[in-house]
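First up is the structure itself, then whatever we jot down about it.
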Amino acid sequence: MDFLQTEKKWQKKWDKSGLYKFDRSQADNKKYVLEMFSYPSGAKLHVGHWYNYGLSDTYARYMRMKGFEVFQPMGFDAFGLPAENYAIKTGIHPQDSTLANIVTMEKQLKAMGAMFDWDYEIKTCMPDYYKWTQWCFLKLYEKGLAYRKEAPVNWCEGCNTVLANEQVVDGCCERCETPVIKKNLTQWFFKITDYAERLLTGLDKLDWPEKTKTMQRNWIGKSVGGEITFELENGASFTVFTTRADTLYGCTYAVLAPEHPLTLKVTTEKQKKAVEDYLDYAARASEIDRLSTAREKTGVFTGAYAINPINGRRIPVYVADYVLFTYGTGAVMAVPAHDERDFEFAQKYDLPIERVIEAKGDENDDLPYVEYGVMTNSEEFDGLGVEEGKAAIIDKLKEMGKGDYKINYRLRDWLISRQRYWGAPIPIVYCDTCGEVPVPESDLPVTLPYDVDFTPDGTSPLLKSESFMHTVCPKCGGAARRDADTMDTFVCSSWYFLRYPDNKNSDVAFDTEWINKMLPVDKYIGGAEHACMHLLYARFFTMALHDMGYIDFEEPFTSLVHQGVILGPDGARMSKTKDNVISPDEYIQKYGSDVFRTYLGFGFSYIEGGPWNEDGLKAVHRFLERVERITGQLIAVKESREDGKREILYAENYAVKHVSADIENFQFNTAIARLMELVNALGKYIDANPDKDTSVSAAKTLILLIAPFAPYFAEELWEAAGEKYSVFDAAYPVCDESALVLDTIEMPLQINGRVRARFNVPSGATKEDIERIIMNSDDLRSYFDGKTVRKVIIVPGRIANIVVG
RNA sequence: GCCGGAGUGGCGGAAUUGGCAGACGCACGGGACUUAAAAUCCCGCGGUGGAUAACACCGUACCGGUUCAAGUCCGGUCUUCGGCACCA
């Protein structure tokens, strides 16, 4: 078969007949199959796109043949940093390069032979989309879920610009190698922490990979403990969060994070220089470095003392960067005897280390002792276990007005302000009289101006566009300024799945009634790298919109699958710098899309991915040609005297059963292996029975089974078999279980766990039956005759193990 | 560093979740067909010993454990990949 010609032929026909147009009247029977949309960074599709979209399409086609009305849209996550950086380098406007890339990618995606219904396409950089991204912002704002506060950014004094973490290499700017510092800016946040508990408990109901759920749980990082207030000698006070209130008597010093507003305030004149130097040092360290337990603990005494509320003890207050301002309260009570970090710090700075927990039994209780033991040196609390002790101490503090129970989450509010051009503008204006004013919904979108100087020079690019910045206050009509920042692109991708089914709606972001029919997404497919951020943000948006009454579901993605990564032939991640990038194009031109897709399915474990190796491509090509030959031979038989012998029916139904199950589990490699087995069985059958007619139905089954993998190819064979267009309107075969029932099955006989023999038993045989068969067989008994049989283990259909002594 | 994965023949990868390790395929070797080649078809193919057999032992990153039985479970180690909140 000429694969390339076949592709063109059916592409035209599919297009003309509108085969993949979603039928909205069938929404009750829908399956929403969604792949994470792509970022149009390069002009062309890479192997990863094919891997993600091609094989998800196999799943989608399978669902269609199973009788579902499949909704499989495609679009582009089109805002983002790379286009802007590319523009800075080349002078090509981000909008121009992005839209050009999209055109190329659309063309290639269409050639892939996927069922995307392009009527529902989305591009997040278009005003008819980001208008509604801005609407989402306003809704969150109305609900008090968007707020402004100061937060640090990476700042390069050389380039005079904000840097993304990605642009910081070893603490320096990737462009000019100037050391990167932290600079505080007032920025917008979404209050995702309000949803921490629901984001956590909601996971239980989801059909997601366990590892993804675990990662989200850890990311949310719930810990139950207490808050304790420490008074300072100078009258101020600070609060710490702790999960170990029981160790409060062992608190010998306290630590403030460098960013803590109190740090400089409490610092004594004498310590001022040292503390300021330290804050400067800390501003240069990345958070990952600071969290590293291997990093040497550093800190400086502020000169201030606080009072431990439980015993009135005077303790020194330090500043140290192992305490993070973004976690808890940004201050900790240090208990060196029972915390590894505090222990290390106390040793280094010669601070007292005092045991207040001792081990219960004879276990090792060297300091730092972080296990749950028994309280000691804690006055009336001595002898309490850790759990009782925590409660007793917090109860006491509560009485004193110095503490309370508290649940803390590692999850932080989501910073969405970006000091960049290529993103959705934030729909807020600032008026001298009215202050911060949201743009009224009727004035949306706040259009991103085209003519803007986005070369980095120390301010947000939009700040330099006077026509953009200058506006009137929606409240008082006076002069006002717009927010010059744009939104994090994760905002755009946090609700796109809601827009797809109603992408042309110009009145609302989506029609509530319609969207409630179409969502949640039934199967979401995308990379595991999104486990924590994108997938958490999208869940947050969905929950928030649910609470506002716009949708009646709380979770966006019922079922989730992560595809693996195709690596370069050297086993490393593909990258231009490593020169190991495999372009799919040359293979497509040589073998066609069907062969390429099928190979991607066959050569890798979908969930794992792996290094590229083109050898298998030839094999798949060979396999498809073999399918063509064999179906041709079978179908050439005009009349069938024999309606498929039993061995054929077995092979056929075995394949139907396993290929279906494997596709449903995204195990495409084994599905294709089962197809190969069917082809082998058919080939053998033809060879062994050259004079007999064979089953035409087996050939048709084979074509139907292979259709989701090689759609053009299957259409061609289906037509050749004299069937009516389209194979994708034909029903997927159903397994006839009765054809899989065998008279006898073979079982292995183990002696002491080693296979010594095989024997046949009737397929329904019970344990007792099987034991009788073994004991009655001289042949089998010879393996253990004369030895003492200590145990007989029989698992029908699986194994028989005789333990002898 | 922390969180989460992964490690199985020469190679890509299977293994119904504790039950015959290596399905299916690639590569390789042998054979059939052919004047020949290609294509196609058939056979073999983890390692060691043994005679090429029968058979035996070893073998799922490494060390130890649980079990009649471990790639699978438990404890520890190494390597590697993803994420770590401004890449998307």
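Every chain is numbered from 1 and lettered A, B, ... according to where its sequence line falls, protein lines coming before strand lines. Because only heavy atoms are used, hydrogens play no part in the values below, and waters and symmetry mates are left out as well, while side chains stay in.
- Judged by Watson-Crick or G-U wobble contacts below 3.5 Å, the nucleotide B/rC55 has B/rG49 as its partner.
- Separation of the C1' atoms belonging to B/rA85 and B/rC78 is 30 Å when rounded to the nearest angstrom.
- Using a 4.0 Å heavy-atom cutoff across all strands shown, A/Leu81 reaches sugar-phosphate atoms only and no base atom.
- Nucleic acid contact class of A/Asn669 (heavy atoms, under 4.0 Å, all strands): sugar-phosphate only.
- Among the heavy atoms of the strands, none lies under 4.0 Å from A/Leu567.
- Judged by the 6.0 Å and 45° rule, A/Arg410 forms a cation-pi pair with A/Trp219.
- Distance check on atom P: B/rA53 versus B/rU48 gives 13 Å, rounded to whole Å.
- As rounded to the nearest Å, B/rG50 and B/rG44 have P atoms that lie 24 Å from one another.
- For the pair A/Glu677 and A/Arg674, the salt-bridge criterion is met [side-chain N within less than 4.0 Å of a carboxylate O].
- B/rA61 sits 15 Å from B/rA14 when the P atoms are compared, rounded to a whole Å.
- Under the Watson-Crick or G-U wobble criterion, with both distances below 3.5 Å, B/rG7 is paired with B/rC78.
- Within the 4.0 angstrom heavy-atom criterion, no nucleotide atom of any strand lies near A/Val620.
- The base of B/rC86 sits within donor-acceptor range of the side chain of A/Gln187, with an N or O pair under 3.5 Å.
- Across all strands shown, A/Arg674 has heavy atoms under 4.0 Å from base atoms, whether or not it also approaches the sugar-phosphate.
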